[in-house]
There are 2 protein chains.
Amino acid sequence: MRFHSPSIQYFHAVRRTGSIRAAARLLNVASSAVSRQILKLEQEVGSPLFERNARGLTLTTVGEMLARHVMNVLQDLDRFRSDVASLSGVWHGTVSIACIESLTESVLPDLIASHRTRARRVSFTTEVMGSSDVLEALRRGEADIGIAIALRHPPDLRQVALKRFRLGALVAREHPLARRKTVTLEQCLAFPVIHALPELSIYHLLQPLIAQLSETPEPAIQANSIDLMRELAARGVGVAFQTQLGIGRLSHDAQLVFLPLDNAGSPVWSDLGIYVRAERTLPAFTESFLQELVRQLGERERQENAAYQPNG
Amino acid sequence: MRFHSPSIQYFHAVRRTGSIRAAARLLNVASSAVSRQILKLEQEVGSPLFERNARGLTLTTVGEMLARHVMNVLQDLDRFRSDVASLSGVWHGTVSIACIESLTESVLPDLIASHRTRARRVSFTTEVMGSSDVLEALRRGEADIGIAIALRHPPDLRQVALKRFRLGALVAREHPLARRKTVTLEQCLAFPVIHALPELSIYHLLQPLIAQLSETPEPAIQANSIDLMRELAARGVGVAFQTQLGIGRLSHDAQLVFLPLDNAGSPVWSDLGIYVRAERTLPAFTESFLQELVRQLGERERQENAAYQPNG
DNA sequence: TATAGCTGTTGCCGAAACGGCAGCAACATG
DNA sequence: CATGTTGCTGCCGTTTCGGCAACAGCTATA
């Protein structure tokens, strides 16, 4: 079922590996064959597609345009294949997800588990990374679905849904703040805090708020792992800041208490976006999972925000 | 710049012409070559793509799936080509429009003329047809932009915009009704009327309203040409029914008067939809024209509806 | 019923494209 | 300076593609 010219496939491999010889190894062909196909492509397009550095190849502007087209073609080929397969039998294929750490605690495992009971031949690949890396993985075609903090997203990605969750403080059950319903940032900063490093998006959400305060005390601990921050908070080391999503149901019977942040009377939101490459039609089984993901996240959004309403 | 395998192109040609030999003539190759490529494709997909009738070929279910993929590929190739071209110089290409007759009077010619003063190398192909044919032409990839009466549209088309215009009666200046601001259907039916044939969408808009009336008099004249109906009305033959869009500025200095229809106190709307194939990214110059079309139609919608407000 | 005209398919064969092997120059790294 | 990497290029066998002609199946017309 490979009815597209070798040039397309070879170009795609060279773009991904950044080298002709590496692409040749990947494709199990001689490097000369790959080299010639690239040269032929460049001749047909009428413009160089790669810049030849001593240590590999980099895309030119025209090359990036072609890469976009080739990605559209190959991803749509993928969809076509799965469409034909689903015509005669069960769904089967792989859903590739790129997401930030907050999802790994309950949302994603619950969802994948429940989805696999219904569609057993659909497997999953999930990779955890930073928000900007999530978007980049999508653009490069390395993931089908991306979940990240919703910053401004590039035009070649489509924001399927946008869900807001309250940012809050995470403290041990014995912590002096633990009895409050909500907390302000000032109240937290009176205690030792566990700050996120700039590579986590929580940093970028809190930084502007902290900058507004008159005094900015030194953070006790800085970390780049949501998990580590949570465990530190549970041991009473200090106050951590997270979305409630990342804590989920553990907070009920565990040492942790989640206190929604209150900034001058209004909540502090963390916007979670679900992304997909814009120029793409998803295979049916991927689309189905996506719908379910959006629905589940919407459910969580509703529940968690209702729990902290003025009249809740 | 033809870096896609011949099978793709041949398949596309066969689908369009419905015959291998006709496709071969179109492609300037021997019919045997085309036949072999189709057979090879069917072998690779693992399923027949066409049903062989004595008088040509018809797509099977799998064939339709492949046709969809191939269309996506070729249309995106087209976009890539125009993107590369626009990189080094002026926009050039062709915008292909399928629309219903109402647009040809003023909206489309005005828009095309003004667009060509700014982008001289962009040419236009417009074809007038019925609403359902507009959607079909889009699905078959024979048009880039479609404008039709907004009925329920298939999922593979995207409704870019939806504009509502008032349906009204069209009478000669000397007609007894001509002095009214608005008219009801009953009032019109007291005179000879020029009815649309079922192939025009006006028929489907008026039919349910006429069916509600107690008496349904015989129509004086039936026609399938908006133009003919307008000319007949101008000669005082009877009352025609149209959207104001189809009359436009001519009504000012001509023999015609447009009277918005009043149905039990509320206007009768004719919804105009602008459509595009969903699984497609338009070339930049096409997208630009599309935006302008939507803007202009929105402007007309605002103007014409404001002219008949209760307080206007 | 016979004929003419259309359909898609198939051998045969030359031409074009593809791909593997080995060797080249250019650059980076040690 | 030696070694390992990069991409590129003759040479040549294999594969694929495409044109020509002939074939069988069907339809419409005479």
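This is a predicted model, so every value here is computed, not measured. A note on names: the letters A, B, ... follow the listed sequences, proteins ahead of strands, and every chain is numbered from 1.
Axis angle between the ends of the helix from C:dT1-D:dA30 to C:dG30-D:dC1, five pairs each and rounded to 10 degrees, works out to 30°.
Listed by chain and residue number, nothing satisfies the side-chain hydrogen bond (donor to acceptor under 3.5 Å, both in side chains) test with A:Glu127 (two or more places apart in sequence, or in another chain). B:Gln43 pairs by the side-chain hydrogen bond (donor to acceptor under 3.5 Å, both in side chains) definition with nothing, not counting sequence neighbours. In this structure A:Arg15 satisfies the salt bridge (Lys or Arg N to Asp or Glu O under 4.0 Å) test with no other residue, sequence neighbours excluded. The side-chain hydrogen bond (donor to acceptor under 3.5 Å, both in side chains) test applied to B:Gln159 returns B:Tyr275, not counting sequence neighbours.
In 5' to 3' order, the nucleotides of DNA chain C bounding all contacts with chain B (an atom under 4.0 Å from a heavy atom) are C:dT7 to C:dC12.
A heavy-atom distance below 4.5 Å is found between the side chains of B:Phe285 and B:Ser82. B:Asp144 has its side chain out of reach of B:Phe289: every pair of non-hydrogen atoms, C-beta onward, lies at least 4.5 Å apart.
Listed here is the closest heavy atom pair of B:Ile100 and B:Ser131: CG2-OG, 3.4 Å.
Pairs engaging residues 12-60 of chain A under the ring-ring contact (aromatic ring centres under 6.0 Å, His included) rule: A:Phe11-A:Phe50 [sequence neighbours left out]. Judged as a salt bridge (charged side-chain N to carboxylate O under 4.0 Å, His left out), the pairs with a partner in residues 16-45 of chain A (not counting sequence neighbours) are, in order, A:Glu42-A:Arg52. Counting only residues at least two apart or in different chains, side-chain hydrogen bond (donor to acceptor under 3.5 Å, both in side chains) contacts with residues 88-103 of chain A comprise A:Thr94-A:Ser123. Sorted by first and then second residue, the pairs that involve residues 54-78 of chain A and meet side-chain hydrogen bond (donor to acceptor under 3.5 Å, both in side chains), not counting sequence neighbours, are A:Asn53-A:Thr58, A:Arg68-A:Glu279, A:His69-B:His4, A:His69-B:Asp76, A:Asn72-A:Arg277, A:Asn72-A:Glu279, A:Asn72-B:Asp76, A:Gln75-A:Arg277, A:Gln75-A:Arg280, A:Asp76-A:Arg79, A:Asp76-B:His69, A:Asp76-B:Asn72.
Contacts of residues 42-69 of chain A with DNA chain C (heavy atom under 4.0 Å): A:Ala54.
To the nearest angstrom, P of D:dT16 lies 10 Å from CZ of A:Arg2.
Distance CG/A:Leu232 to CD1/A:Ile194: 4.5 Å, rounded to 0.5 Å.
Listed pair B:Tyr10 / D:dG18 meets the phosphate criterion, a side-chain N or O lying under 4.0 Å from OP1 or OP2. A sub-4.0 Å separation between OP1 or OP2 of D:dT16 and a side-chain N or O of B:Lys40 is absent.
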Check: protein-nucleotides 20-23 of chain D nitrogen or oxygen pairs below 3.5 Å:
from: D:dC20; atom 1: N4; to: B:Ser32; atom 2: OG; distance (Å): 3.0

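Annotation for B:Arg120: atom CZ does not count as buried by contact number, only 12 or fewer foreign heavy atoms lying within 6.0 Å.
Nucleic acid contact for B:Leu39: sugar-phosphate only, since backbone atoms but no base atoms lie under 4.0 Å from a heavy atom of the residue.
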